[in-house]
Amino acid sequence: MAADRAASSHLFWRPGADPPPASAALDRGRANDERASAVRNVHAGLSLTQQRVRLPVFADRRRILYLVETFPTVVIVGHTGCGKTTQIPQYLHEAGWTAGGRLVACTQPRRVAAISVAARVAEEMGAELGAGAVGYAVRFDVRADAERTRILYLTHGTLMREMLADPLLSRFSVVMVDEAHERGASTDLCLALLKKVQRRRKDLRLLIASATLEAEALARFFGGTAPMRMRGPDGAVRLQPPVAVLTLVAARAHPVHRCFLARPCADYVAEAVRAVLELHVQQPPGDVLVFLTGQAEIDAARALLTDAMADAMADAMADGGADAKRRRTSLARHEPAARPTELLVLPLHGGLSRDEQLAAFEPPAPGARKVVLATNMAETSITLDGIVYVVDCGFVKQQIFDAQAGTEALVVAPISRAAAKQRAGRAGRTRAGVCLHLYTQRTHAAMRAATAPEVQRCSLDNLVLQLLSVGIRNVAQFDMPTPPPAAHLACALEKLYALGALTDRGALTSPLGERMAELPLTPLLAAMLLGAVEEGCAREALCVAAMLSVQTVWVGCSHKAQDAARAHFAVYEGDHLTLANVLRAFTRARDAPRWASRRGLDARVLQRAVLVRAQLARFLSRFGLPAENCGRETDRLRRSVVRGFFPHAAQRQVGGEYRAVRGGRRLLIHPRSVLFRAPPEWLVYHEVSQLTNGDEAMIDVCKIEPHWLTELAPLFYEVRTAQRGA
DNA sequence: GAGCACTGC
């Protein structure tokens with residue numbers, strides 16, 4: 001097992017053998033803040049060295065180096081654009097922390113950030129990315145040199161994988177965890193494990209970069225231990241308090257004027273449309289960013305805006321725009337002469353193809369105003385230039401774990417004050433901006449200060465599996481930045497036990513549980529794939545697992561076109577088998593990108609599914625498991641799906657709606673499913689999402705036979721029956 | 001008969 005893991009280390013490879021970053025296309029649009037400010041400096045005619053010295057963080061260079069030498073852990077509080085991500089690893093490198101072949105690591109929550117920051121730092125250091133001192137490591141894309149790389153940018157997930165292969169992170173002298181305030185599950189897990197590693201590696205230094213709000217909690221997490229004996233770079237051992245906090249000088253940001261509603265509004269989509277139209281008529285040029293919760297709202301808002309603009313054009317022809325002057329507003333009015341006349345409305349959400357997403361980054365034609373209708377995607381993942389106005393609906397769609405039902409669902413929930421501030425900040429990047437919050441100040445005051453850490457909101461089966469696989473036996477007692485709810489842990493343990501990943505004493509089973517922990521899949525998908533080996537259809541299950549691991553492949557704005565595309569591949573067994581068909585057809589197609597676009601499929605997403613499938617196949621062969629083909633015996637593939645997804649079984653009721661077999665929750669088949677028009681009596685679903693009317697719909701469903709549940713998951717269903725009887 | 005937040009391995 002240990003040998004397997006060492007072999008699976010993602011971080012040291014054959015130099016230069018990897019293809020160029022596939023995600024370069026969006027780099028321009030998604031450019032990291034520091035990169036954007038560097039670009040501005042290039043325009044100002046500054047050399048790279050001059051630019052480095054001008055960054056706010058430079059003033060604290062010596063202090064940072066002193067603290068890292070002195071304290072095991074340093075929490076760095078710094079705002080975006082201050083230069084911490086690009087500069088601090090270079091300072092550490094220059095100060096000797098990479099001597100003797102050691103590495104400085106800097107982790108990011110997102111792939112694009114890791115890649116684009118590494119590219120920027122390589123440029124500053126005059127190094128060839130991946131071949132010299134700077135490299136990066138993200139899934140499917142590693143550019144680093146085993147001998148020469150000294151500064152390595154990676155994602156939190158990649159660092160987790162590295163810890164599985166090398167639990168003491170023996171090649172690293174310093175690990176900087178960036179954007180720790182986002183408190184993603186993998187970030188928290190990294191922090192918890194790093195704290196543990198540090199107890200056995202007195203020379204390991206940690207830097208935790210966080211926004212102000214979470215810094216204190218993180219410092220408390222790392223500071224909650226007695227003084228530690230630390231070995232300094234001079235070799236001397238000293239007793240030190242475990243953590244220091246350093247606040248960096250904030251980067252200059254433009255002020256944002258934030259407005260709230262006087263009275264609550266009943267329909268924030270309509271209110272957002274009204275706000276955009278008012279801004280457009282009354283405010284000077286500048287683009288608008290509207291935050292909504294999902295594709296449906298974005299489509300509705302787009303239709304309303306388009307109609308309103310058509311009406312306005314007609315009105316303007318009739319009375320010269322007098323109507324617009326009657327609209328109320330909380331903002332000062334500007335001379336209409338300065339206002340742009342045309343309104344360019346662009347959607348931005350995960351369901352769009354890469355090209356459609358890129359359209360939102362294009363500057364509008366001269367004289368026109370751009371309105372981007374976006375999901376939460378625009379809050380942290382991407383940065384749009386030229387935004388001066390932000391409209392914030394105050395809600396977000398997020399994953400919520402329901403301990404009663406034992407499953408999670410996507411639901412619309414109020415955002416936090418920190419998120420509202422982050423959204424508002426998007427207006428102040430180019431110049432002074434305005435943010436309209438579509439709720440009252442009283443509502444704002446009642447929002448929670450910060451979004452709950454993900455470990456408190458999501459299903460914990462993955463986290464528990466990862467903890468057990470790194471040797472943490474008492475999961476409930478494990479020291480985390482925020483402890484996960486006990487009830488959620490209990491659900492995860494029960495589910496993992498029913499999946500066969502745990503012994504009745506709560507240890508990882510061998511080899512099933514160990515293999516599940518190692519596969520880069522959610523536990524249910526991992527159980528499905530490994531169950532498929534038993535059923536003799538792992539070849540097909542690899543397709544299903546890969547397709548359910550990537551974003552939706554059905555793209556295109558019109559629902560009709562999507563329906564037609566799906567109908568082309570649909571099979572009565574359901575979405576899982578349909579998706580497998582799509583992937584196999586894509587692989588066989590001669591000109592795959594063209595083949596995909598002609599059928600309304602996203603070739604980039606399918607290409608990624610091909611990579612995932614290949615990676616999963618390598619895991620199976622490393623486990624020594626065969627990937628057999630079941631051909632026409634599709635029952636075996638559906639049985640495999642049940643082996644993983646039995647906790648998600650549902651039965652159709654008289655009225656046509658469904659009830660979850662476990663928990664009894666009322667569910668509908670999502671209209672996107674190929675089984676929407678042919679609902680089977682029994683099925684298992686992949687995920688649940690809340691519809692706009694509040695109903696909960698199952699996304700990606702598979703028709704099953706009811707006796708498979710008791711046959712393949714007796715621990716989950718028969719124990720239950722016995723309890724009911726007792 | 002009505003339409004899937006975002007990451008990550």
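Just so it is clear: chains get the letters A, B, ... in the order the sequence lines come, proteins before strands, and each one is counted from 1.
Per the geometry, CD belonging to A/Q357 stands 13 Å off P belonging to B/dA5, to the nearest Å. As a whole-Å value, the separation of A/L465 CG from B/dC9 C1' is 13 Å. If you take CG of A/L352 and C1' of B/dC4, they are 13 Å apart, rounded to a whole angstrom. If you take CG of A/L410 and C1' of B/dC6, they are 9 Å apart, rounded to a whole angstrom. The CD-P distance, from A/Q466 to B/dC9, rounds to 12 Å in whole Å. Protein atom CD of A/E182 is 11 Å distant from nucleotide atom P of B/dG8, rounded to whole Å. Between A/R183 atom CZ and B/dC6 atom P the separation is 23 Å, expressed in whole Å. Computed from coordinates, the A/Y685 OH to B/dC4 P distance equals 18 Å when rounded to whole Å.
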Item to complete: Evaluate salt bridge (charged side-chain N to carboxylate O under 4.0 Å, His left out) for A/R110 paired with A/E182, printing each intermediate quantity in order.
Response: CA-CA 11 Å; A/R110 286 166 286 278; A/E182 289 187 15; 2.8 Å; yes
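Nucleic acid contact class of A/R672 (heavy atoms, under 4.0 Å, all strands): base. A/G350 comes within 4.0 angstrom of sugar-phosphate atoms only, judged by non-hydrogen atoms across all strands, and of no base. Residue A/R566 is in base contact, counting any heavy-atom pair closer than 4.0 Å across all strands shown.
Out of B/dA2, B/dT7, B/dC4, the shortest distance to the side chain of A/D563 is found at B/dA2. Comparing atom distances between the A/T158 side chain and each of B/dA2, B/dC4, B/dC9 picks out B/dC9 as nearest. Taking every side-chain heavy atom of A/P520 into account, B/dC9 is the closest of B/dA2, B/dC4, B/dC9. Here B/dC4 is the nucleotide among B/dC4, B/dG8, B/dT7 with the atom lying nearest to any side-chain atom of A/T552. Checking B/dA5, B/dC4, B/dC9 against every side-chain atom of A/R139, the shortest atom distance belongs to B/dC9.
The 5' end of DNA chain B is approached more closely, in terms of each residue's nearest nucleotide, by A/T293 than by the other of A/T293 and A/N462. Mapping A/L521 and A/P671 onto DNA chain B by nearest heavy atom places A/P671 closer to the 5' end of the strand.
Ion pairing between A/E696 and A/R665 holds under the 4.0 Å rule for side-chain N and carboxylate O. Salt bridge status for A/D575 with A/R566: absent, with no side-chain N to carboxylate O gap under 4.0 Å.
Side-chain contact check for A/R183 and A/T451: no donor-acceptor pair (N or O, by modelled atom type) lies under 3.5 Å.
Taking 4.0 angstrom as the limit, A/T155 places a side-chain polar atom (N or O) nearer than this to OP1 or OP2 of B/dC9. The side chain of A/T375 contributes an N or O atom lying less than 4.0 Å from OP1 or OP2 of B/dC6. Residue A/R161 has no polar side-chain atom (N or O) positioned under 4.0 Å from OP1 or OP2 of B/dG8.
Annotation for A/L620 and A/L529: closest pair CD1-CD1, 4.1 Å, computed over non-hydrogen atoms.
Ring geometry for A/H686 versus A/H576: interplanar angle over 60°, hence perpendicular rather than tilted (30 to 60°).
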